[in-house]
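Heads up: the structure comes next, in structure tokens.
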Amino acid sequence: MTQTNNIVWHDSVVAKQDRVQQNNHQSPVLWFTGLSGSGKSTITVELEKALFEKGIRSYRLDGDNIRHGLNNNLGFSPEDRKENIRRIGEVAKLLNDAGLITLTAFISPYREDRDNVRNLLANGDFIEVYVKCSLEGCEARDPKGLYQKARAGEIKGFTGIDAPYEEPEKPELVIDTEDNSVEEAVAEILDFLKDQQYI
Ligand SMILES: Nc1ncnc2c1ncn2[C@@H]1O[C@H](COP(=O)(O)OS(=O)(=O)O)[C@@H](OP(=O)(O)O)[C@H]1O
Ligand SMILES: Nc1ncnc2c1ncn2[C@@H]1O[C@H](COP(=O)(O)OP(=O)(O)O)[C@@H](O)[C@H]1O
């Protein structure tokens, strides 16, 4: 339930645009979405490193990490996944206002939840990156052994097995991790950010 009675917004004197100008780069949210094992964490870790080395301020929000803290009361029901993405969307919006480039790595399986985050941000500040890898490919990698557990019935409601993943319809970027190396993926994203004058 939304509770905003008797609460009044208090503006800063330093605006987002001032921070963006000082940093000398824009502060988009790069929203990585894809199946477990598709490569979201691997790519965002390397991208964060590459941005850092260029003096570009960014911060990574990752599903596994956030679920240890901020969202440690949420599971994997559709309602909990929705709330997970809603909270991350709000955090990403704060980082956007803080002038940082945000890299999020969440399965975020529902199109509507991703679109809600898009709608929280100004035009152009939400960059949906579909990390594409077939279920067979992800299952063959199975970096955490979770697909094996899901197939054995030890995890219920696992994305791609017995819970849905809704592919993005019009993502800004598609990174196929069966056809591209991690280095190629990072280079492609950096090129996009330069071409579109985010950095
Ligand atoms: N049931 C089920 N389905 C999918 N994933 C599961 C599940 N249970 C645990 N895990 C582990 O949790 C990570 C996904 O968390 P997310 O916060 O990204 O999920 S979601 O966006 O809310 O759907 C996911 O991490 P990634 O592999 O990095 O995607 C898994 O390690
Ligand atoms: N091109 C690639 N891009 C990203 N990861 C890859 C690629 N090729 C193989 N991998 C491997 O696939 C796995 C992806 O796991 P991870 O990054 O944790 O995915 P996710 O965060 O989407 O669950 C890692 O073991 C990684 O080394």
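Both ligands and their constituent atoms are indexed starting at 1 by order of listing.
Protein heavy atom in closest approach to atom 19 (O) of ligand 2: G39 N, 3.1 Å. Protein heavy atom nearest atom 15 (O) of ligand 1, with residue, atom name and distance: R67 NE, 3.4 Å. Given atom 21 (O) of ligand 1, the protein heavy atom at minimum distance is S108 N, 2.8 Å. Among protein heavy atoms, atom 12 (O) of ligand 1 sits closest to F76 CZ, 3.2 Å. The closest protein non-hydrogen atom to atom 27 (O) of ligand 2 is T42 OG1, 4.3 Å. For atom 23 (O) of ligand 1, the closest heavy atom belonging to the protein is R81 NH1, 2.8 Å. In terms of protein heavy atoms, atom 18 (O) of ligand 2 is closest to S41 CB, 3.9 Å. Looking only at protein heavy atoms, the nearest one to atom 25 (O) of ligand 1 is K144 NZ, 3.1 Å.
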(request) Please lay out, stage by stage, how Y165 and T33 fare under the test side chain to side chain donor-acceptor pair (under 3.5 Å). (result) CA-CA 10 Å; Y165 177 77; T33 173; 2.7 Å; yes

(request) Go through E90 and K93 one step at a time and tell me if the salt bridge (Lys or Arg N to Asp or Glu O under 4.0 Å) criterion holds. (result) CA-CA 5 Å; E90 293 289 348; K93 187 180 174 185; 5.2 Å; no

(request) Determine, step by step, whether D179 and K132 satisfy the salt bridge (Lys or Arg N to Asp or Glu O under 4.0 Å) criterion, reporting the C-alpha distance in whole Å, the side-chain angles of both residues, the deciding distance to 0.1 Å, and the verdict. (result) CA-CA 10 Å; D179 283 351; K132 191 170 181 186; over 6 Å; no

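Side-chain contact annotation: S134 with E178, donor-acceptor N/O pair under 3.5 Å present. Under the 3.5 Å distance criterion, with hydrogens and angles disregarded, no donor-acceptor pair is assigned to the side chains of S36 and Y147. If you check the side chains of R81 and S108, you find no donor sitting under 3.5 Å from an acceptor.
Applying the 4.0 Å criterion to heavy atoms of S181 picks out, from ligand 2, the atoms 1 (N). Within ligand 2, the atoms closer than 4.0 Å to a non-hydrogen atom of S36 are 23 (O), numbered from 1 in the order shown. Atoms of ligand 1 lying under 4.0 Å from any heavy atom of G157, numbered from 1 in the order shown and given with element: 1 (N), 2 (C), 3 (N). Listed by number with element, the atoms of ligand 1 under 4.0 angstrom from any heavy atom of I85 are 21 (O). Each of the following atoms of ligand 2 lies closer than 4.0 Å to a heavy atom of P143: 15 (O), 25 (O). Close contacts between ligand 2 and V182 involve ligand atoms 1 (N), 2 (C), 3 (N), 4 (C) [criterion: under 4.0 Å to a heavy atom]. For ligand 1, the atoms lying closer than 4.0 Å to a non-hydrogen atom of P109 are 21 (O), 23 (O). Counting the atoms of ligand 1 from 1 in the order shown, those under 4.0 Å from a heavy atom of S36 are 26 (P), 27 (O), 29 (O). Of all the atoms in ligand 2, the ones that sit under 4.0 Å from a non-hydrogen atom of L35 are 22 (O). Interface of N84 with ligand 1, defined as ligand atoms under 4.0 Å from a residue heavy atom, comprises 16 (P), 17 (O), 20 (S), 21 (O), 22 (O). Numbered from 1 in the order shown, with element, the atoms of ligand 1 that lie under 4.0 Å from a heavy atom of K40 read 29 (O). Atoms of ligand 1 found under 4.0 Å from any heavy atom of T159 (numbered from 1 in listed order, with element): 3 (N), 4 (C).
Not a single heavy atom of G34 sits less than 4.0 Å from an atom of ligand 2. The shell of residues lying under 4.0 angstrom from ligand 2, judged by heavy atoms, excludes T44. Heavy-atom distances between A163 and ligand 1 stay at or above 4.0 Å for every pair. No heavy atom of A105 sits closer than 4.0 Å to any atom of ligand 2. The closest approach between A185 and ligand 2 stays at or above 4.0 Å for every heavy atom of the residue.
Residue-level proximity to ligand 2 for N180 is carried by the backbone, the only part with a heavy atom below 4.0 angstrom. Contacts between L146 and ligand 1, counted as non-hydrogen atom pairs separated by less than 4.0 Å, involve the side chain only.
Residue nearest to atom 18 (O) of ligand 1, selected from I107, D64, T104: I107 (by heavy-atom distance). Counting heavy atoms only, R141 comes closest to atom 8 (N) of ligand 2 of the residues K144, E178, R141, E183. The closest non-hydrogen atom to atom 14 (C) of ligand 2, taken over G63, G37, A140, comes from G37. Residue F158 holds the heavy atom nearest to atom 2 (C) of ligand 1 of all those in Y110, F106, F158, Y147.
Contact of the V29 side chain with the R118 side chain is not registered, since no non-hydrogen atoms from C-beta on lie closer than 4.5 Å. Here the side chains of L146 and F158 are in contact, with some heavy-atom distance below 4.5 Å.
Without hydrogens or angle criteria, N72 side chain to R67 main chain gives no donor-acceptor distance under 3.5 Å. Side-chain N or O atoms of D62 include one that pairs as donor or acceptor with a backbone N or O of D64 at under 3.5 Å. Looking only at distances, no side-chain donor or acceptor of R60 sits under 3.5 Å from a matching main-chain atom of E48. A donor-acceptor contact shorter than 3.5 Å is absent between the side chain of E128 and the backbone of E172. Within the 3.5 Å criterion, the main-chain N or O of D176 finds a donor-acceptor partner in the side chain of N180. Remark: side-chain polar atoms of T177 are not paired, donor with acceptor, to backbone N or O of G39 under 3.5 angstrom. E184 places a side-chain N or O within donor-acceptor distance of the main-chain N or O of S181, the cut-off being under 3.5 Å. With K82 contributing its side chain and D113 its backbone, the two residues share no donor-acceptor pair below 3.5 Å. R111 contributes a side-chain N or O that, together with a main-chain N or O of E167, makes up a donor-acceptor pair within less than 3.5 Å.
Across all their heavy atoms, T44 and T104 have their closest contact at CG2-O, 4.4 Å.
Taking distance alone, with nitrogen or oxygen atoms compared against 3.5 Å, D62 stays at or beyond that limit from ligand 1.
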